[in-house]
6 protein chains.
Amino acid sequence: MSIIAINSRNQFKGVIKQIKRGDVVSEVEVNTGAGIITSVITTSSLDDLKLKPGSEVIALFKSTEVALASFSKV
Amino acid sequence: MSIIAINSRNQFKGVIKQIKRGDVVSEVEVNTGAGIITSVITTSSLDDLKLKPGSEVIALFKSTEVALASFSKV
Amino acid sequence: MSIIAINSRNQFKGVIKQIKRGDVVSEVEVNTGAGIITSVITTSSLDDLKLKPGSEVIALFKSTEVALASFSKV
Amino acid sequence: MSIIAINSRNQFKGVIKQIKRGDVVSEVEVNTGAGIITSVITTSSLDDLKLKPGSEVIALFKSTEVALASFSKV
Amino acid sequence: MSIIAINSRNQFKGVIKQIKRGDVVSEVEVNTGAGIITSVITTSSLDDLKLKPGSEVIALFKSTEVALASFSKV
Amino acid sequence: MSIIAINSRNQFKGVIKQIKRGDVVSEVEVNTGAGIITSVITTSSLDDLKLKPGSEVIALFKSTEVALASFSKV
């Protein structure tokens, strides 16, 4: 079985740059070419997916999770 | 008062490309260096921040919200 | 390109029972072995995935999103 | 004081199968009869609720957190 | 059946001040005495819980959803 | 660059009361006018923001993350 499409509008392909492995959750930095996206996933998932630095992945998140901020340039 | 830093590791600067205004929530497409990031925020917030196409914003989300997927190239 | 695996531990296969279509977001009820799982996604995603009642889908969510409650039986 | 109803449409009763205790957060696997639901909560909450393998709990999550994916059967 | 405790550390009792009813989701402002907390829930849930201005509710959210920002006072 | 406004309607100013530092994520208790708000953020963010007990911060979260519960007083 393969997932062929997911509803998440926000999907960024990249390569894992670094993993900070924790006991329950781990922090994964994904180099997406357009900047680093950081993900915190369970260490169990990390192992299930056999993720390691250099692995190609897609970082994805739901639109409802994204906040917007305005800013001044000064 | 200005927020000077936020803990979110994932922050992408961009320009609003398009807004789909709804009664309670609205969908905002932000053109970032990384591609389009879509955000769903309340329409009240949209109005408070006076967001419109062309506005410069930062799209931000917590690392705990980001999922990772592996994929085949075929 | 196909996603072959995703880190989310919580994935439930099911069939769409009902869709309440909104202007910006829509509510989708998925009949899974586990009972009904309700998802709110953008209407744009609903249309991109061509979802309709009867469509087979996977409902998925991150472990960090799941709360736990204890209860009394009385 | 008892909570008598919560807005979350997604509530699954189950029994805790396994706990992976971490320093700050812990991973809890809940056997819901219709499959395992995994939750990551703070270890402080785990202790407050006195959760242990065998405890009956309700796993709950908001509809806005649920993503949908379509898939091929091949 | 009553929920007697929930793992969410962040629970604030209050009274509903205002509801902006939408087709799929609604925005609910809860006056917690220590400030307004705004919640977006499905309109189906709003109706299931029979929420209306004046209803007493608990607003709750997971610790993993809370971001922290530092700020300057100038 | 300063963020001058963020779409999150839920923003509570407070002072950090206690930090439980973990390997990957840390738990931060913020004493606000509204009571204690607990946040789980990455330990990397904690260090970037130089947060410690006594630091003034804003705790913020999206409306879509807030659930509502009704309760009995008995």
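It should be emphasised that the depicted structure is a prediction, and the values quoted were computed from it without experimental measurement. So you know, we letter chains A, B, ... as the sequences are listed, proteins then strands, and number each from 1.
Heavy-atom pairs under 4.5 Å with chain A were tallied for B/V57, B/L68, B/T64; the largest tally goes to B/L68. The candidate from A/G14, A/S39, A/G35 with the greatest count of non-hydrogen atom pairs under 4.5 Å with chain B is A/S39.
Contact record, B/V66 with A/I41: O-CG2, 4.0 Å, taken as the closest heavy-atom pair. When all heavy atoms of A/I36 and B/F12 are compared, the closest pair comes out as O-CZ, 3.7 Å.
Distance check, rounded to the nearest 0.5 Å: CD1 of B/I37 to CG of A/N10 gives 6.0 Å.
The interface of residues 45-52 of chain B with chain A, defined by heavy-atom distances below 4.5 Å, comprises B/L49, B/L51. Contact annotation for residues 19-31 of chain B against chain A (heavy-atom separation below 4.5 Å, listed by residue number): B/E27, B/V28, B/V30.
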